[in-house]
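Just so it is clear: chains get the letters A, B, ... in the order the sequence lines come, proteins before strands, and each one is counted from 1. Model, not experiment: these values are computed from the prediction.
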Amino acid sequence: MDKLLFWPLDITYTSSEDCGEIKLWGISGENKRIVLVDRTFKPYFYAVPKNQSSLEALFRELEKLSRIDKKVLSVEKTEKYYFGKPITVIKITLISPLYLNEWENKIRRHPLVSEILESDIRYSMRYLIDKDIYPCNWYLANVEEFKGSSNVSVDQIFMLNSMSLYNGGGVTLPKLKILAFDVQWYSPKGSPKPETSMVALISIATNTGIMKQFFLEDMDEKEILSSFSSFILNFDPDIIVGFNINKFTWPLLLSRAKILDENLNISREYSSPQTSLYGHISIAGRANIDLMDYAESLYEIKIKTLPRIAEYLGIDLPEGEKLITSPLIYSYWKNKEKRVLLSKHSALSAKIILEIFKKALPFITQLSNVTGLPLDQVLAAPVGFRVEWFLIRQAVKDNELIPRRAERPYYPYKGAFVLKPRSGLHENIAVLDFSSMYPNIMIKYNISPDTYLPSVEELSPEEFWMAPEVGHPFRKHPPGFYKRVLEKLLSLRSEIKKQLKNLQPSSLEYLLLDNRQKAVKIIANACYGYTGWLGARWYVKPCAEATAAFGRKIIKETISIAKAYSLKIVYGDTDSIFVVNEPEKISKFIETVEKKLGLNIKIDKIYTVCLFTEAAKRYAGLLPDGRIDVIGFEAVRGDWCELAQEVQLKVIELVLKAKSPLPAIKYVNGIISNLKRQKIPFEKLIIWKTISRPIDKYEVVPPHVAVAKSLIDMGYAINVGDKVGYVVTKGDSKKLSERAKPYFMVNYSDIDIDYYISKQVIPAALRILSIFNVTERNFLRKTSTLDSWFIKRSP
DNA sequence: GCAATCCATGTACCG
DNA sequence: ACCGGTACATGGATTGCG
């Protein structure tokens, strides 16, 4: 038997009649690509008896039933907890995953069975969980060399006996082989479609410095695909990364390959990419990662394009090189000159994808490791599922049964408390907030599905906490499931933060741990939302309702305490309070709050100047270091044109610094005059809005939907979640919807400048300046006939 | 009869 | 496919005035 270091990258399984076969794909301590095979793991599920008195009868029946069926390995009684209550259930273990469905169906409707549990945990995840294996960690594996042949593309195959966490190397990553790729299509009309479009070009960039292009000019389409496949098999990447590949490139490429009778057998088992969980595409033995899923987490980037993401992450494009963002790119192949642009664009895209991925890798590996979700799934999985997999791991460690997902009706409940702001300019404002308010409320009041008491008749008031307003009681002892999970998450985070203090900020270990800390924070902060999510396995509405109710009580009491110290309160939202900065009062206030409420509150930041309008959730502030925070206003909303955002940002800056509206008014008038003279770049006039549902599900036709419809008519695919960019043109119609046009089909001369003056620039500026009683009359009026006469004659 | 106001719809933000 | 609270644009329906 050998021992070796192993870093799990991917897990797959196959089933045969007598066993399931797990393949753990990964990298060895000697940087070899290896696969560890385990055929000894048996799938199982639990049958919950209707009541504990029917347990024996059910057990005998199932045992009898199983004795005549070789597919069942064992039927046994086992002690578990279900929502915190001890329960004896029957564990049915099968010899292969092939028979799970059959056996579940066989006994699901048995009169003595109340429900079947954990048959909905996939065999591969079951394996990782039961063996306590987390992806992206080093393990010490006890293995035996596999003797025999197997059609897999790895350096070595082993049979796995056991493995345990290896703590010797600190937090490190293996040397991964990464392949970034970009595909360009030729589509004469609209978006590419598998039947009528062609693969014009595939570009590849690897982290070993290889650049490669397969171009329709040099070979036919079939050859492009086969060259691409061969390249992948030869280079043998651990990670394949692209941009928008899960929903676009891979499905299109696979359909096109089928039409051309070509295969894309690029996995480490020589199989084709497969649609898998959470809409991601899986490639056996490798991690296929879509940077679009990563970009979802970068909420500051409103329009998720490669150049914007690159810019945000501080990745410089080579001098003079640019990425094309126009949808007309699909027709470029037809034009000889544009072909050159297309080729350059594609090569650059592949390089940029690789660079973005290198920056994202520490976070992705840590999120994968913290949640336990495989590297290729973790970004594709919605936040609720990431939280849930963390919970599932904890449940299994605690011997808790995993509930099933259920269909439930939606009833809203009351959420957080928001204080009306004092409008106007304020100087020297301290922003105080509770650290991790909701997680700490859940910990303090032991709010959890298993501590919730539907009835408290037999208990004395000392034995439970009672949520205010909503009246939901929760047992004080023992610690509930959420409390255990959240304490673990919070202590994990503070431990990591402690470690970070002793590390060089420039070191790789610091980078990894810092990203680990961020991953833990994301999970902890999503736990409250998870409790109120209808899709949650551990959904118990009173938990969410009670947590929000405690939150309201706490922030209201905090406001009272602030008043008692005669602090001037400017604003507050959920877990924060904005007060005039009087340090002595504030330190006493903090002391009292922490003593009375038992939660930590701290000064988060100081604004030397800040401004509020009448509206909640919108403010701007100047920080001592000169940076400016803008919260909620149009300037940070992706559905206003860039010009309006830019104007508002500048207005905010001028107002905060001059504490007067005058320079801002002058500035805005300058912009309006530039706009009239057509001096504003066209791109700054595009308005982007998201298509949030299938087009035929809209009850009215807002501008962006009208534009989406016309794009669809032109052959463009518009999917839910896509952003549509339009500009407003002059026209006879009063309706905006009829004057909004796809941005790439409009000439500057057709732009309705008045719309941009009166519906974009002026409202964005006035939102801020109205606190000084500035009105529309303080700005230049709209264009007159004279203006347009002038424009026609100016060069 | 017409302007002012109300209201439903839709999007994107805050914490 | 984490929650509720909130602001605001748009455009058609309703109201209020006389």
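- Summarising the geometry, the separation between CZ on Phe633(A) and P on dT6(C) is reported as 16 Å, rounded to the nearest angstrom.
- One donor-acceptor pair, N or O on each side, does fall under 3.5 Å between the base of dT11(B) and the side chain of Arg637(A).
- Checking dG15(B), dA1(C), dT11(B) against the side-chain heavy atoms of Ser692(A) singles out dT11(B) as nearest.
- Counting any heavy atom pair closer than 4.0 Å across all strands shown, Val636(A) reaches sugar-phosphate atoms only and no base atom.
- Residue-level contact check: Arg552(A) touches neither bases nor backbone, having no heavy atom under 4.0 Å from any strand.
- Residues His472(A) and Glu545(A) bring a donor and an acceptor atom of their side chains to less than 3.5 Å of each other.
- Atom pair Glu634(A):CD and dT6(C):P shows a separation of 18 Å (rounding to whole Å applied).
- If you check the side chains of Thr371(A) and Arg393(A), you find no donor sitting under 3.5 Å from an acceptor.
- Heavy atoms of Arg386(A) sit nowhere under 4.0 angstrom from any nucleic acid atom.
- In this entry the distance linking NZ of Lys247(A) with P of dA1(C) reads 7 Å, nearest Å.
- Atoms CG (Leu486(A)) and P (dC2(C)) sit 18 Å apart, rounded to a whole Å.
- Closest approach to the Pro702(A) side chain among dC3(C), dC8(C), dG10(B) is made by dG10(B) (side chain taken as heavy atoms from C-beta onward).
- Distances shown here put every side-chain N or O of Tyr698(A) at or beyond 4.0 Å from the OP1 or OP2 atom of dG11(C).
- Separating the CD atom of Glu699(A) from the C1' atom of dG12(C) is a distance of 13 Å, rounded to the nearest angstrom.
- At dG15(B), none of the side-chain N or O atoms of Tyr299(A) fall inside 4.0 Å of OP1 or OP2 (strictly under the cut-off).
- Using a 4.0 Å heavy-atom distance criterion, Gly535(A) is classed as making no nucleic acid contact.
- Counting non-hydrogen atoms of other residues, nucleotides and ligands closer than 6.0 Å to NZ of Lys563(A) gives a total of 12 or fewer.
- Proximity of His704(A) to the phosphate of dG10(B): no side-chain N or O atom is located under 4.0 Å from OP1 or OP2.
- Listed pair Tyr413(A) / dC2(C) fails the phosphate criterion, with no side-chain N or O lying under 4.0 Å from OP1 or OP2.
- Within the 4.0 Å cut-off from OP1 or OP2 of dT10(C), not a single side-chain nitrogen or oxygen of Lys734(A) is found.
- In this structure, Ala526(A) reaches the bases: a heavy-atom distance under 4.0 Å links it to at least one base atom across the strands shown.
- Proximity note for Pro412(A) (side chain, C-beta onward) versus dC14(B), dG4(C), dA12(B): the nearest is dG4(C).
- Between the side chains of Lys483(A) and Ser448(A), no donor N or O sits under 3.5 Å from an acceptor N or O.
- Across all strands, Trp538(A) comes closer than 4.0 Å to no nucleic acid atom at all (heavy-atom distances).
- Positionally, the nearest nucleotide of DNA chain C for Gly529(A) lies more toward the 5' end than for the other of Gly529(A) and Lys414(A).
- Summarising the geometry, the separation between CG on Leu736(A) and C1' on dG10(B) is reported as 13 Å, rounded to the nearest angstrom.
- Both tests pass for Arg693(A) against the ring of Tyr698(A): distance under 6.0 Å to the centre and angle within 45° of the axis.
- For Gly725(A) against Val707(A), the heavy-atom pair with the smallest separation is O-CG1, 4.4 Å.
- When distances are taken from the side chain of Thr574(A) to each of dC8(C), dG15(B), dC2(C), the shortest belongs to dG15(B).
- Contact annotation for Val387(A): no contact, since no heavy-atom pair falls under 4.0 Å across all strands.
- Cation-pi geometry between Lys556(A) and Phe417(A) is met: under 6.0 angstrom from the ring centre, within 45 degrees of the axis.
- Residue Lys302(A) places its side chain closer to dC13(B) than to any other of dC13(B), dG10(B), dC8(C).
- For Arg618(A), whose side chain is taken as the heavy atoms from C-beta onward, the closest listed nucleotide among dC8(C), dA12(B), dC3(C) is dC8(C).
- Contact annotation for Tyr410(A): backbone-only contact, meaning every heavy-atom pair under 4.0 Å involves sugar-phosphate atoms and none involves a base.
- Checking dC2(C), dT10(C), dC14(B) against every side-chain atom of Val383(A), the shortest atom distance belongs to dC2(C).
- Residue Thr531(A) places no side-chain N or O under 4.0 Å from the OP1 or OP2 atom of dC3(C).
- Across all strands shown, Arg405(A) has no heavy atoms under 4.0 Å from either base or sugar-phosphate atoms.
- Rounded to a whole Å, the OH atom of Tyr726(A) is 10 Å from the C1' atom of dT11(B).
- A straight line from NZ of Lys617(A) to P of dC3(C) spans 15 Å, rounded to a whole angstrom.
- Within the 4.0 angstrom heavy-atom criterion, no nucleotide atom of any strand lies near Tyr571(A).
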Evaluate the salt bridge (charged side-chain N to carboxylate O under 4.0 Å, His left out) criterion for residues Lys302(A) and Asp639(A): first the C-alpha distance (whole Å), next the side-chain angles of each, then the deciding distance (0.1 Å), finally the verdict.
CA-CA 9 Å; Lys302(A) 313 293 171 179; Asp639(A) 57 349; over 6 Å; no

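- Between dG11(C) and Ser737(A), a contact under 4.0 Å exists linking OP1 or OP2 to a side-chain N or O.
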